[in-house]
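For reference, the structure is listed below as structure tokens.
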Amino acid sequence: MGQGTPPRGFGMLFFSLLAFWILVSERLDVQHLLVGSACALLLTWFWRDFLLDVVQRRDLWPARFMFSVSTLRYGLDLCGEIVTANLNIARIVLTPSLPISPVLVSLRTKLSRDLIRVVYANSITLTPGTISVSLSGDKLVVHALTRAAAAGVEGWKIEQDLLKLERGLGGG
């Protein structure tokens with residue numbers, strides 16, 4: 001690969017970003033296409049060294065992460081957990097006595113990859129009634145609106161989904 005030639009994933013990333021832009025903007029006029037193309041080009045240019053590094057090392061685990069059955073299962077389970085948590089929070093808000101009992105919980109995760117740990121912490125924050133306060137190594141501190149929500153974080157199904165996904169990627 002010559003010095004001036006872009007890495008192999010350059011075009012794919014550009015067109016993926018442009019397609020996402022069109023999907024989000026919901027417009028196909030010239031102005032939106034030009035702005036979307038400029039943004040996609042700038043982002044692709046910004047990530048060019050990363051793409052080149054991935055191609056040279058043949059380290060494709062981020063792609064395997066994005067397009068695996070385990071990722072789909074994780075996404076569906078997370079959506080289910082978010083809906084369930086929303087219903088629980090709505091019940092708490094609509095109950096006159098407001099049975100809240102805020103609590104901080106400290107736990108250790110079995111996940112070994114930093115990226116997967118961050119995904120786990122963000123999954124907790126996305127679920128209404130819980131917020132990831134701190135993530136340091138395998139130690140996670142979570143604030144929960146109720147004791148039941150705090151108890152539900154320990155041994156959560158989402159962590160199990162992410163463990164399966166991590167094993168599929170080759171562990172840590």
Donor-acceptor pairs are to be reported for all side-chain atoms of residues 89-98 against protein atoms at under 3.5 Å, with residues two or more places apart or in another chain.
from : atom 1 : to  : atom 2 : distance (Å)
R91  : NH1    : N88 : OD1    : 3.2
T95  : OG1    : R91 : O      : 2.5

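Side chain of T130 to main chain of I124: a donor-acceptor pair is present (N/O by atom type, distance under 3.5 Å, no hydrogens or angles). Side chain of S134 to main chain of L140: no donor-acceptor pair is present (N/O by atom type, distance under 3.5 Å, no hydrogens or angles). No donor-acceptor distance shorter than 3.5 angstrom exists from the side chain of E81 to the backbone of T127, with no hydrogens or angles considered. Looking at E159, its side chain never comes within 3.5 Å of a backbone N or O of T109 through a donor-acceptor pair. Here the side chain of R108 pairs no donor or acceptor atom with the backbone of D138 at under 3.5 angstrom.
Closest of all the heavy-atom pairs between A121 and S132 is O-OG, 2.6 Å. Across all their heavy atoms, A149 and G129 have their closest contact at CB-O, 4.5 Å. In terms of heavy atoms, S106 sits closest to K139 at OG-CE, 3.1 Å.
If you chain together ILVMFWY residues whose side-chain heavy atoms come under 4.5 Å of each other, L87 ends up grouped with V83.
By the rule that hydrophobic residues join a cluster once side-chain heavy atoms approach within less than 4.5 Å of another member, L111 and V141 end up as members of separate clusters. In the hydrophobic cluster analysis, where Ile, Leu, Val, Met, Phe, Trp and Tyr join through side-chain heavy atoms closer than 4.5 angstrom, L28 is grouped together with F14. No continuous path of ILVMFWY side-chain contacts below 4.5 Å connects L107 to V133, so the two sit in separate hydrophobic clusters. One hydrophobic cluster, built from ILVMFWY side chains closer than 4.5 Å, cannot hold both L42 and F15; they sit in different ones. In the hydrophobic clustering of ILVMFWY residues, with side-chain heavy atoms under 4.5 Å counting as a link, Y74 and L135 come out together.
Between V142 and L104, the closest side-chain pair of non-hydrogen atoms is not below 4.5 Å. Two residues are said to be in side-chain contact when any heavy atoms from C-beta on lie closer than 4.5 Å; I82 and P128 meet this criterion. In this structure, V105 and V153 have side chains that are not in contact, with every pair of non-hydrogen atoms separated by 4.5 Å or more. Inter-residue side-chain proximity for C39 and L17 is flagged as unmet; no heavy-atom pair is nearer than 4.5 Å.
Rounding to the nearest 0.5 Å gives a distance of 9.0 Å between CD1 of I131 and CG of L145. Here OG of S25 is found 7.5 Å from CG of L33. Values are rounded to the nearest 0.5 Å. To the nearest 0.5 Å, atoms NZ (K164) and CZ (R73) are separated by 5.5 Å. To the nearest 0.5 Å, the span separating CH2 on W21 from OG on S37 amounts to 10.0 Å. The CG atom of L165 sits 14.5 Å away from atom OH of Y120, with the distance rounded to the nearest 0.5 Å.
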Verdict with reasoning, V119 to L162, per side-chain contact (heavy atoms from CB on, under 4.5 Å): CA-CA 9 Å; V119 169; L162 290 171; 4.0 Å; yes

Could you go step by step and tell me if Q160 and K110 meet the side-chain contact (heavy atoms from CB on, under 4.5 Å) rule? CA-CA 9 Å; Q160 301 308 313; K110 298 173 194 136; 4.1 Å; yes

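Counting only residues at least two apart or on different chains, the salt bridge (charged side-chain N to carboxylate O under 4.0 Å, His left out) pairs with a member in residues 144-158 are D77-K157, K157-D161.
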